[in-house]
Asks: 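If you scroll down you'll find the structure; I have some questions about it.
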There are 2 protein chains.
Amino acid sequence: MTDVAREVGVTAKTVSRVLNDDGPVAVETRERVMEAVRKLGYQPNLMARNMRVGARDAAIGLVIPEMGNPFFGMVAGGVESVVRARGLTLIVGSSSESADLEQSLIATFLARRVSALMVVPSATSDHRHLRTERVAGLPIVFLDRPAVGLTADCVVSANREGARAGVAHLIAHGHRRIGFIGDLPATLYTRRERFQGYRDALDDAGVPFDRSLVETGHDQEAAQAAAVRLLALPVPPTALFAANNLASMGAVLALSRAGRRDVALVGFDDLPLAECLDPPLTVVAQDPEGMGVAAAELVLARLDGDKSKAQRALVSTRLLIRGSGEVPASR
Amino acid sequence: MTDVAREVGVTAKTVSRVLNDDGPVAVETRERVMEAVRKLGYQPNLMARNMRVGARDAAIGLVIPEMGNPFFGMVAGGVESVVRARGLTLIVGSSSESADLEQSLIATFLARRVSALMVVPSATSDHRHLRTERVAGLPIVFLDRPAVGLTADCVVSANREGARAGVAHLIAHGHRRIGFIGDLPATLYTRRERFQGYRDALDDAGVPFDRSLVETGHDQEAAQAAAVRLLALPVPPTALFAANNLASMGAVLALSRAGRRDVALVGFDDLPLAECLDPPLTVVAQDPEGMGVAAAELVLARLDGDKSKAQRALVSTRLLIRGSGEVPASR
DNA sequence: TTGACATATGTCATCGTTGACATTGAATCC
DNA sequence: GGATTCAATGTCAACGATGACATATGTCAA
């Protein structure tokens, strides 16, 4: 900025005034400044500016576990649309489901003085360390999974209810042996909730719970292997409930490769082209974009000074009946 | 930091020394400082630090057109793995395919003093304005699509070659009327290249080009409609070539809903569960993660001082034969 | 005992920017 | 014509951190 000022023959302050439309500036001076700015390719230093002004900057930080997982991609998309509409910038980083990386990402964001934080917590993280910031008035909203050790806003899917509905749907089609393919680790919030929904549905129908029908696989390949193991049981399940998108993909793959069109399948979370699969995939659809939007709106409300107590928003799910969930029980 | 210093009864400088492992500090002082840091929940102000040190910070900015599109998600994932391994932080923002938003995102990143820029340009953008930065030594790498009006590093798929191979595959199965479903706008780099590949394959085989077989749809729904239009032509195509993932999804949906298993289809870019579709989808697979990795490595090399001239890296594609592309020509 | 040296800490200036306040000159008013 | 006002610009300090250099204390060899 000093360079620009020297070029024009004024003080840095005057340049600052031009750039911020601050005090009065002579038309001619303004033009000469603008020209010098162009000529020198001057970029105002946001860091210095924010430091001086003391204001947290116009960026909001979002931490997600995986860039590659389309579910989080859609969540981020939802957040972004809202944040952008407010003229703020969204900064996204991924934690790879590691509590350490999550914490270091959060530290990076804080050090960069973001004006709010949105976090999809990784499986093993603890958020006690964020108490100070929360008390200091930094809006923090958790997405998809609630915070651990910290009371804070949070937007989650109706996991338990959705899973219950999905499994009840299978039971309604005559199934009593229903395999469950869930996330790793088993302590993960969404996994626990969906598992509870699975138990609920069984209990509601008086179907006994069989631990051997519960399998785990945290990526598509592992889920596929899990499905294969389930189908190889002495008394195999006649239906599968896949508790997340990757598990669904694994299950679809396993059934497809094994040519097992007699096994029913309901997935949690919708997949692209689910209706074109063979058979078309019945799912308990989440609304990832809606979650992002809801969370972002919550953050903006907090930024606007909403001081009401921390709330947990439930985003409902919808059972989309397409075929795979309506395969009747074979035995 | 001053607060911490006061708490301990030393100068800010001493606190700084402790935190940066700088000069010598008495063990006892160090401990007392650390304790005060914890107690007060002190967060060093990265902005102030970077300002003082003058260094660009340890963040790399990545601009992608869409958060929701899994293709870019995977690209970002690839970039991130490499960047993270170097201890740097990746900051991602989305431009919604708008040149204006892209430019403002870039400005935001520059103002934040990222140490390098990676950009998937939006369809209509121009990058002349980045000349100054490039000359000033800021590494800038373009991904998926090359820069416009600027010579810079760039990593792209072998679009033309891949499309040519995909269309040639259809021709080899007897098709001569092959519909093309491409991106919007038609001026988009990837669309142009893939279209050229389509033309190449037709020319190679001496198949006349028919303009009425070229349709456009920039999202899944539009692509589906485009496929429907193609199939309703007086002399309809016996095969379709979908030039990107959304187009493929639209085409699959259209064929599936119309029950047209007699129409062959090859998609550009792989889809999850493509092998479970009915028929399984033959694609020209890109390597989005590989593109991200390659681009990130290029950026790191530049950061390490590689001054060689701007290069364009081609990431090759693979034809994955699964069924939909081998449907024989019906007429 | 003294000076050379290392250790632990402090002082001051500075990074790029802007808030608070001062200065200058010209126009306006009574 | 002197007071008042306003426009245009300047001066200085400060944001939070650190680099360069200074100071104070202790240790040890000559």
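Computed from a predicted structure; not experimentally measured. Just so it is clear: chains get the letters A, B, ... in the order the sequence lines come, proteins before strands, and each one is counted from 1.
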Asks: In whole Å, I'd like the distance from the CG atom of A:N20 to the P atom of C:dA20.
Replies: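 The answer, rounded to whole Å, is 14 Å.
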
Asks: Between C:dT14 and B:R52, counting only base atoms on the nucleotide and side-chain atoms on the residue, is there a donor-acceptor pair under 3.5 Å?
Replies: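 A donor-acceptor contact between them is present.
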
Asks: Should B:N45 be listed as having a side-chain N or O under 4.0 Å from OP1 or OP2 of D:dC15?
Replies: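 For B:N45, the contact criterion (side-chain N or O under 4.0 Å from OP1 or OP2 of D:dC15) is not met.
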
Asks: Quick one: does B:V79's side chain get under 4.5 Å of B:V299's, heavy atoms only?
Replies: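 SC-SC contact between B:V79 and B:V299 ruled out.
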
Asks: In this structure, how many angstroms lie between the C1' atom of D:dG16 and the CZ atom of B:R6, rounded?
Replies: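 Taking CZ of B:R6 and C1' of D:dG16, I get 13 Å after rounding.
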
Asks: What is the distance, rounded to the nearest whole Å, between atom CE of A:M47 and atom P of C:dC15?
Replies: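 About 17 Å, once rounded to whole Å.
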
Asks: Go through the steps to decide whether A:K39 and A:D3 satisfy the test salt bridge (Lys or Arg N to Asp or Glu O under 4.0 Å), and finish with yes or no.
Replies: CA-CA 11 Å; A:K39 177 175 163 196; A:D3 298 340; over 6 Å; no

Asks: Could you please name the option among D:dG10, C:dG10, D:dA17 that lies closest to any side-chain atom of A:V10?
Replies: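 Of all the options, the side chain of A:V10 is nearest to D:dG10.
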
Asks: For C:dG25, which nucleotide in any strand shown is its Watson-Crick or wobble partner with both distances under 3.5 Å?
Replies: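 Here C:dG25 is engaged in a pair, and the nucleotide opposite it is D:dC6.
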
Asks: Please tell me if A:S16 has a side-chain N or O lying less than 4.0 Å from either OP1 or OP2 of C:dT17.
Replies: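 A:S16 to C:dT17 OP1/OP2: no side-chain N or O under 4.0 Å.
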
Asks: On DNA chain D, check which nucleotide each of A:T14 and B:P44 is closest to and give me the residue with the more 5' one.
Replies: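 Nearest nucleotide further toward 5': that of A:T14.
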
Asks: Identify the residue among B:H127, B:R134, B:R302 that makes a side-chain contact (heavy atoms from CB on, under 4.5 Å) with B:I140.
Replies: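 The single option meeting the side-chain contact (heavy atoms from CB on, under 4.5 Å) with B:I140 is B:R134.
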
Asks: Within the structure provided, determine whether A:V293 and A:E297 are in side-chain contact (heavy-atom separation under 4.5 Å).
Replies: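 A side-chain contact under 4.5 Å exists here.
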
Asks: Please pick, from C:dT18, D:dA8, D:dA20, the nucleotide with the shortest atom-to-atom distance to any side-chain atom of B:K13.
Replies: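 Between C:dT18, D:dA8, D:dA20, the one nearest the side chain of B:K13 would be D:dA20.
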
Asks: In whole Å, I'd like the distance from the CD atom of B:E28 to the P atom of C:dT7.
Replies: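 In whole Å, C:dT7 P lies 18 Å from B:E28 CD.
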
Asks: Figure out the CZ/P separation between A:R113 and C:dT17, and round it to whole Å.
Replies: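 Between P of C:dT17 and CZ of A:R113: 19 Å.
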
Asks: Assign each of A:R17 and B:T29 to its nearest nucleotide of DNA chain C by heavy atoms, then name whichever residue's nucleotide is nearer the 5' end.
Replies: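 Going by which nucleotide is closer to the 5' end, it is B:T29.
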
Asks: To the nearest Å, how far apart are B:R32 CZ and C:dT9 C1'?
Replies: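 So the two atoms are 12 Å apart, to the nearest Å.
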
Asks: Regarding B:T11, tell me which of base, sugar-phosphate or nothing describes its non-hydrogen contacts under 4.0 Å with the strands shown.
Replies: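 Base, at least one base heavy atom under 4.0 Å.
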
Asks: Tell me: CE of B:M51 to C1' of D:dG19, nearest whole Å?
Replies: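 It works out to 14 Å between those atoms.
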
Asks: Roughly how many Å is it from CG in A:L46 to C1' in C:dT18, rounded to a whole number?
Replies: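 Interatomic distance, CG of A:L46 to C1' of C:dT18: 13 Å.
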
Asks: Out of C:dT9, C:dG16, D:dT9, which nucleotide sits closest to the side chain of B:P24?
Replies: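 Of all the options, the side chain of B:P24 is nearest to C:dT9.
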
Asks: For the side chain of B:R49, counting heavy atoms from C-beta on, which of C:dA8, C:dT17, D:dT18 is nearest?
Replies: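 Comparing C:dA8, C:dT17, D:dT18 against the side chain of B:R49, the answer is D:dT18.
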
Asks: Report yes if some heavy atom in the side chain of B:E66 is under 4.5 Å from a heavy atom in the side chain of B:S94; otherwise report no.
Replies: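 No, too far: nothing below the 4.5 Å cut-off.
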
